[in-house]
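What follows is a short report on a single structure.
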Amino acid sequence: MSNIYKTGSAYQFEREGVSALRAQTRDLVENKIHGLSFSPYIDGQGPGTEISDEQIRERLEIIRPYVNWVRSFSCTEGHQNIPRIAREHGLKTMVGVWIDGDKEKNEIELANAIEIAQQGYVDVLAVGNEVMLRGELTEDELVDYINRAKAACPNVEVGYVDAYFLFENYPRVADACQVICTNCYPFWEGCPVDYAVPYMKEMYRRAQAAGKGKRVIVSETGWPDQGVAERGAVPSEENALQYFIDTCKWAKEDDIEVIYFSSFDEAWKVEDEGAVGAYWGLWDKDGNFKYTE
């Protein structure tokens with residue numbers, strides 16, 4: 001029921017419930033969560049924008065006290081400097097290599113990533129993000145990129161990021177990985193928030209099985225606080241808070257490495273993801289933590 005129809009004690013109970021969820025979220029963040037997806041864009045920027053070291057430092061400084069790991073998504077357009085600057089901030093890194101159908105740019109991405117890894121700034125190298133989901137390369141092509149990274153970076157764990165079921169569909173990709181990096185989004189599969197973390201546990205189990213005992217990292221998961229519902233999955237502040245809390249509880253109880261999506265709201269995502277795309281951050285687009293009183 002919409003708040004507009006609620007009066008008196010019912011409305012007060014709901015607001016107290018949200019306030020309690022906000023307090024739990026602040027407590028979890030202040031005590032540090034495992035990791036966050038990190039894009040340094042500010043409002044008006046997106047892919048294609050060249051990012052300065054100064055901007056990376058400013059954005060990292062906002063989240064630095066609250067995380068142990070950051071995950072980047074690219075090794076071009078200035079993003080190749082994120083791992084070095086993250087190290088300056090005392091953070092560990094999952095470094096993304098953006099691989100798609102542009103094979104000339106792929107070579108630049110991979111070369112930059114290898115250089116960064118050989119310099120000692122990479123803890124996990126993620127070669128590709130949802131390439132198989134988007135259907136941009138063949139399995140053979142992707143496996144070749146992964147194998148080249150492994151050969152060049154023998155002291156770094158190399159993996160690949162995709163939805164859990166893609167590792168089942170492409171077992172040679174799973175076999176090539178040293179670590180399985182799985183994106184788990186109950187929201188995008190229309191799962192109501194009350195059942196979302198149990199559903200994510202099953203996603204994780206399937207990724208584990210596909211990895212045949214390899215280390216599994218939840219490389220992305222999250223819930224938007226605004227936007228249009230995806231079937232039974234409803235974006236709202238209350239649901240976003242509840243999902244974050246439930247995810248953190250599971251991660252702690254079962255010792256799961258979760259890199260939460262995301263650090264900041266990003267308006268550029270609306271073009272690909274619709275209204276919900278801009279509202280996945282724990283911080284807003286201006287770098288303010290969203291869940292204060």
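Note that the structure is predicted; figures quoted are calculated from it, not measured.
In this structure, CG on Asn129 lies 9.5 Å from SG on Cys181, to the nearest 0.5 angstrom. Remark: Glu109 CD to Asp100 CG distance equals 8.0 Å, nearest 0.5 Å. How far SG of Cys75 is from CD1 of Ile116: 4.0 Å, rounded to the nearest 0.5 Å. Atom CZ of Arg26 sits about 11.0 Å away from atom CG of Leu21, to the nearest 0.5 Å. Between the CG atom of Asp123 and the CZ atom of Arg71 there is a distance of 14.5 Å, given to the nearest 0.5 Å. For the atom pair SG (Cys177) and CD (Glu157), the distance works out to 10.5 Å, reported to the nearest 0.5 Å.
Using modelled atom types and a 3.5 Å distance limit, the side chains of Asn183 and Tyr164 yield no donor-acceptor pair. Judged by distance alone, the side chains of Asp225 and Tyr291 do bring a donor and an acceptor atom under 3.5 Å apart.
Heavy atoms only, all atoms of each residue included: Pro154 and Ala151 are closest at CD-O, 3.9 Å. The two residues Thr182 and Ala163 have their closest heavy-atom pair at OG1-C, 4.0 Å. Of all the heavy atoms in Tyr204 and Val218, the pair that sits closest is CD1-CG2, 3.7 Å. Nearest approach of Ile180 to Ala174, heavy atoms of both residues: CD1-O, 3.9 Å. Nearest heavy-atom pair across Phe167 and Val161 is CZ-C, 4.5 Å. Between Val276 and Pro235 the shortest heavy-atom distance is CG1-CG, 3.8 Å.
The shortest distance between side-chain heavy atoms of Glu139 and Leu142 does not fall below 4.5 Å. Contact check for Trp283 versus Asn288: no side-chain heavy atoms found under the 4.5 Å cut-off. Counting only heavy atoms from C-beta outward, the side chains of Thr247 and Lys252 never approach each other to under 4.5 Å. By the 4.5 Å heavy-atom criterion applied to side chains, Pro186 and Thr221 are counted as neighbours. Residues Met203 and Glu189 are in side-chain contact: their nearest non-hydrogen atoms beyond the backbone lie under 4.5 Å apart. Leu137 places a side-chain heavy atom less than 4.5 Å from the side chain of Ile99. Met200 has its side chain within reach of Trp250: a pair of non-hydrogen atoms, C-beta onward, lies under 4.5 Å apart. Between Leu282 and Phe244 there is a side-chain heavy-atom pair separated by less than 4.5 Å.
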Enumerate donor-acceptor pairs with a distance under 3.5 Å from any side-chain N or O in residues 33-40 to protein atoms, sequence neighbours excluded.
none

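Using cut-offs of 30° and 60° on the angle between ring planes, the pair Phe261 and Tyr185 is perpendicular. Below 30°, between 30° and 60°, or above 60°: for Tyr260 and Tyr243 the angle between ring planes is between 30° and 60°, a tilted geometry.
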**Message:** Applying side chain to side chain contact (heavy atoms under 4.5 Å, CB included) to Val122 and Leu125, what does each step give before you reach the verdict?
**Reply:** CA-CA 6 Å; Val122 179; Leu125 189 61; 4.0 Å; yes
**Item:** Evaluation steps, side chain to side chain contact (heavy atoms under 4.5 Å, CB included), between Val193 and Phe187
**Value:** CA-CA 8 Å; Val193 72; Phe187 177 85; over 6 Å; no
**Check against salt bridge (Lys or Arg N to Asp or Glu O under 4.0 Å), Glu237 and Arg22** = CA-CA 9 Å; Glu237 179 183 355; Arg22 285 184 168 199; 2.4 Å; yes
**Message:** Quick one, Lys32 with Val67, criterion side chain to side chain contact (heavy atoms under 4.5 Å, CB included). Give me CA distance, side-chain angles, the key distance, then yes/no.
**Reply:** CA-CA 5 Å; Lys32 285 198 176 185; Val67 296; over 6 Å; no
**Check against side chain to side chain contact (heavy atoms under 4.5 Å, CB included), Tyr160 and Val127** = CA-CA 5 Å; Tyr160 164 69; Val127 182; 5.6 Å; no
**Request:** Give the intermediate values and the outcome of side chain to side chain donor-acceptor pair (under 3.5 Å) for residues Gln45 and Gln55.
**Result:** CA-CA 12 Å; Gln45 296 179 339; Gln55 183 170 320; 2.6 Å; yes
**Request:** Could you walk me through whether Thr49 and Glu77 pass the side chain to side chain donor-acceptor pair (under 3.5 Å) test, one step at a time?
**Result:** CA-CA 7 Å; Thr49 303; Glu77 297 176 348; over 6 Å; no
**Request:** Carefully, step by step, assess Asp53 and Arg84 under the rule salt bridge (Lys or Arg N to Asp or Glu O under 4.0 Å).
**Result:** CA-CA 10 Å; Asp53 284 13; Arg84 170 177 51 81; 2.9 Å; yes
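Within the 3.5 Å criterion, the main-chain N or O of Gly281 finds a donor-acceptor partner in the side chain of Lys290. Side-chain N or O atoms of Arg87 include none that pairs as donor or acceptor with a backbone N or O of Ile82 at under 3.5 Å. Gln80 places a side-chain N or O within donor-acceptor distance of the main-chain N or O of Gly78, the cut-off being under 3.5 Å.
Note on Lys201 versus Asp246: no salt bridge recorded, every NZ/NE/NH1/NH2 to OD/OE distance being 4.0 Å or above. Glu88 has a carboxylate O that lies under 4.0 Å from a charged side-chain N of Arg57, or vice versa, which qualifies the two as a salt bridge. By the 4.0 Å N-to-carboxylate-O rule, Arg148 lies close enough to Glu107 to be salt-bridged with it. A salt bridge is absent between Lys285 and Asp265; no separation between the charged side-chain nitrogens and carboxylate oxygens falls under 4.0 Å. A salt bridge links Asp175 with Lys212: the closest approach of a Lys/Arg side-chain nitrogen to an acidic carboxylate oxygen falls below 4.0 angstrom. Residues Glu141 and Lys103 are paired through a salt bridge, judged by an N-O separation under 4.0 Å between the basic side chain and the carboxylate.
If you chain together hydrophobic residues whose side chains sit under 4.5 Å apart, Ile42 and Trp280 never meet in one group. A single hydrophobic cluster is seen to contain both Trp188 and Val197, as judged by linkage of ILVMFWY side chains at heavy-atom distances under 4.5 Å, directly or through other members.
Looking at residues two or more places apart in sequence or on another chain, you find a side-chain hydrogen bond (donor to acceptor under 3.5 Å, both in side chains) between Asn147 and Lys150. Partners of Asp27 by salt bridge (charged side-chain N to carboxylate O under 4.0 Å, His left out), not counting sequence neighbours: none found.
Other residues, nucleotides and ligands contribute only 12 or fewer heavy atoms inside 6.0 Å of the NZ atom of Lys92. Counting heavy atoms of neighbouring residues, nucleotides and ligands inside a 6.0 Å radius, atom CG of Asp255 does not exceed 12 of them. Atom OH of Tyr199 is surrounded by more than 12 heavy atoms from other residues, nucleotides or ligands within 6.0 Å.
Chaining together hydrophobic side chains whose heavy atoms lie under 4.5 Å apart places Met94 alongside Trp69, Val124, Val179, Ile217, Ile259. Here Val270 is tied to no hydrophobic group at all, with no ILVMFWY side chain closer than 4.5 Å.
For Tyr279 and Trp223, the gap between ring centers reaches or exceeds 6.0 Å.
Annotation: ring-ring contact (aromatic ring centres under 6.0 Å, His included) contacts involving residues 73-132, sequence neighbours excluded, comprise Tyr41-His79.
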